[in-house]
Amino acid sequence: MNVARRPVKDINDNKRRWRDKFKQQCNDRMKGARQDKIDKIREEQWMRVIVENEWEKFKSENYKAMKEEGIIDADDLIEQSLQDYQQEANEFHLEQEQKDLENAIAQYQESLDNKICFQCQRAYLGLSNLNNEPVLSCPNCGFYVTERCFVDVEKSAYAHGSTCSGSMEYALESGADNTLLAICNVCDLWTMFPM
């Protein structure tokens with residue numbers, strides 16, 4: 001039995017390439033997060049300048065009327081207004097961040113629940129019955145697999161993806177309804193999964 005083996009250099013190149021790709025993705029994410037933080041700081045500074053300018057304008061226009069009403073320290077009034085405004089803005093931002101976090105968690109949960117079809121990669125697998133057995137089936141291409149087999153395939157695909165950049169293609173083994181065949185289009189790996 002002849003076994004085709006990949007040279008160690010190819011495997012190391014692939015590992016380095018995937019590592020570099022991940023590193024670049026992390027760097028891009030950090031740059032984006034850093035820019036968002038800088039933008040938020042600039043916005044807060046800009047808002048403070050606008051409020052201070054408006055206060056000076058308001059104070060000069062209404063100084064006499066405020067003094068007649070017994071408001072001697074007008075700057076104390078603005079400090080209290082600024083603190084109230086800042087507290088409201090902080091509460092708004094916290095509520096918005098909480099909503100965004102809840103939405104992100106809900107989308108993540110949904111992505112865990114929605115299993116994409118191995119075969120066509122265009123639709124989510126839905127629960128159905130085949131010969132009185134529960135299976136996950138694709139409404140788009142008709143592909144089906146058991147839950148246990150699906151988990152085994154996911155684990156295998158993850159392990160395969162760590163060493164090969166190719167994509168696996170899946171099909172039922174011809175002549176057998178209970179075996180799923182997986183073949184890589186790059187490294188010619190093939191694996192059989194009992195359903």
Side-chain angles (χ1 to χ4, degrees), residues 12-118 120-127 134 136-140 147 150-165 167-168:
N12 288 336
D13 287 345
N14 286 341
K15 285 181 181 179
R16 182 183 39 76
R17 185 171 46 86
W18 283 106
R19 213 176 12 251
D20 291 345
K21 184 177 180 179
F22 177 69
K23 189 176 180 182
Q24 182 62 41
Q25 184 177 338
C26 288
N27 284 336
D28 292 346
R29 177 72 173 112
M30 284 189 277
K31 285 179 186 177
R34 198 174 299 127
Q35 187 61 44
D36 290 345
K37 191 172 186 177
I38 290 170
D39 290 345
K40 187 175 182 180
I41 290 170
R42 285 181 182 157
E43 181 181 340
E44 288 172 0
Q45 291 171 343
W46 176 71
M47 289 172 64
R48 180 128 181 118
V49 168
I50 288 175
V51 169
E52 287 173 358
N53 290 340
E54 283 298 312
W55 174 246
E56 290 300 322
K57 182 179 171 185
F58 179 82
K59 192 167 67 169
S60 66
E61 292 172 355
N62 298 297
Y63 181 75
K64 197 175 201 177
M66 286 191 299
K67 195 170 188 177
E68 287 174 4
E69 291 184 18
I71 299 174
I72 298 170
D73 190 8
D75 289 328
D76 186 43
L77 180 67
I78 186 60
E79 284 302 318
Q80 184 62 37
S81 297
L82 284 174
Q83 287 175 1
D84 292 345
Y85 173 76
Q86 189 65 39
Q87 184 176 357
E88 289 173 12
N90 287 343
E91 289 173 3
F92 173 77
H93 287 296
L94 285 175
E95 288 175 13
Q96 192 63 38
E97 286 179 3
Q98 184 67 27
K99 287 178 186 175
D100 291 345
L101 179 61
E102 288 171 2
N103 287 340
I105 290 171
Q107 288 175 349
Y108 177 71
Q109 280 298 101
E110 187 175 307
S111 72
L112 290 178
D113 295 339
N114 294 329
K115 298 166 175 70
I116 294 178
C117 177
F118 295 132
C120 69
Q121 299 287 316
R122 293 191 180 121
Y124 293 116
L125 297 174
L127 195 57
L136 298 170
S137 65
C138 177
N140 188 46
E147 184 80 30
F150 182 87
V151 171
D152 291 343
V153 170
E154 275 189 324
K155 287 178 185 176
S156 176
Y158 179 76
H160 174 258
S162 68
T163 60
C164 178
S165 63
S167 61
M168 300 292 282

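Just so it is clear, the structure is predicted and the values come from calculations on it, not from any experiment. Count residues from 1 along the sequence.
- With rounding to the nearest 0.5 angstrom, the CG atom of Asp152 is 10.5 Å from the CD atom of Glu147.
- In this structure, the side chains of Ser162 and Trp18 stay at 4.5 Å or more apart for every pair of heavy atoms.
- If you take CD on Glu88 and CG on Asn90, they are separated by 10.5 Å, rounding to the nearest 0.5 Å.
- Scanning all heavy atoms of the two residues, the minimum distance from Ala123 to Asn140 falls at CB-CB, 3.8 Å.
- The line from OG of Ser137 to OH of Tyr124 is 15.5 Å long, rounded to the nearest 0.5 Å.
- Applying the 6.0 Å contact sphere to NZ of Lys21 captures no more than 12 heavy atoms from other residues, nucleotides or ligands.
- Atom NZ of Lys40 is separated from atom CD1 of Ile38 by 13.5 Å, given to the nearest 0.5 angstrom.
- Contact annotation: the side chain of Asp39 approaches that of Gln35 to within less than 4.5 Å [non-hydrogen atoms, C-beta and beyond].
- To the nearest 0.5 Å, the span separating CZ on Phe92 from CD on Glu97 amounts to 10.5 Å.
- Counted within 6.0 Å of CD on Glu61, heavy atoms from surrounding residues, nucleotides or ligands total more than 12; the atom is thus considered enclosed.
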Next on the checklist: What verdict does the side-chain contact (heavy atoms from CB on, under 4.5 Å) test give for Gln24 and Asp20, after you've listed the backbone C-alpha separation in whole Å, the side-chain angles of each residue and the deciding distance to 0.1 Å?
Outcome noted: CA-CA 6 Å; Gln24 182 62 41; Asp20 291 345; over 6 Å; no
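- From Lys57, atom NZ reaches atom CG of Asn62 across 11.0 Å, with rounding to the nearest 0.5 Å.
- Residues Gln45 and Val49 form no side-chain contact, since every pair of their non-hydrogen atoms from C-beta on lies 4.5 Å or further apart.
- The shortest distance between side-chain heavy atoms of Gln87 and Glu91 falls below 4.5 Å.
- Among all heavy-atom pairs drawn from Pro134 and Leu127, the shortest one is CB-CD1, 4.3 Å.
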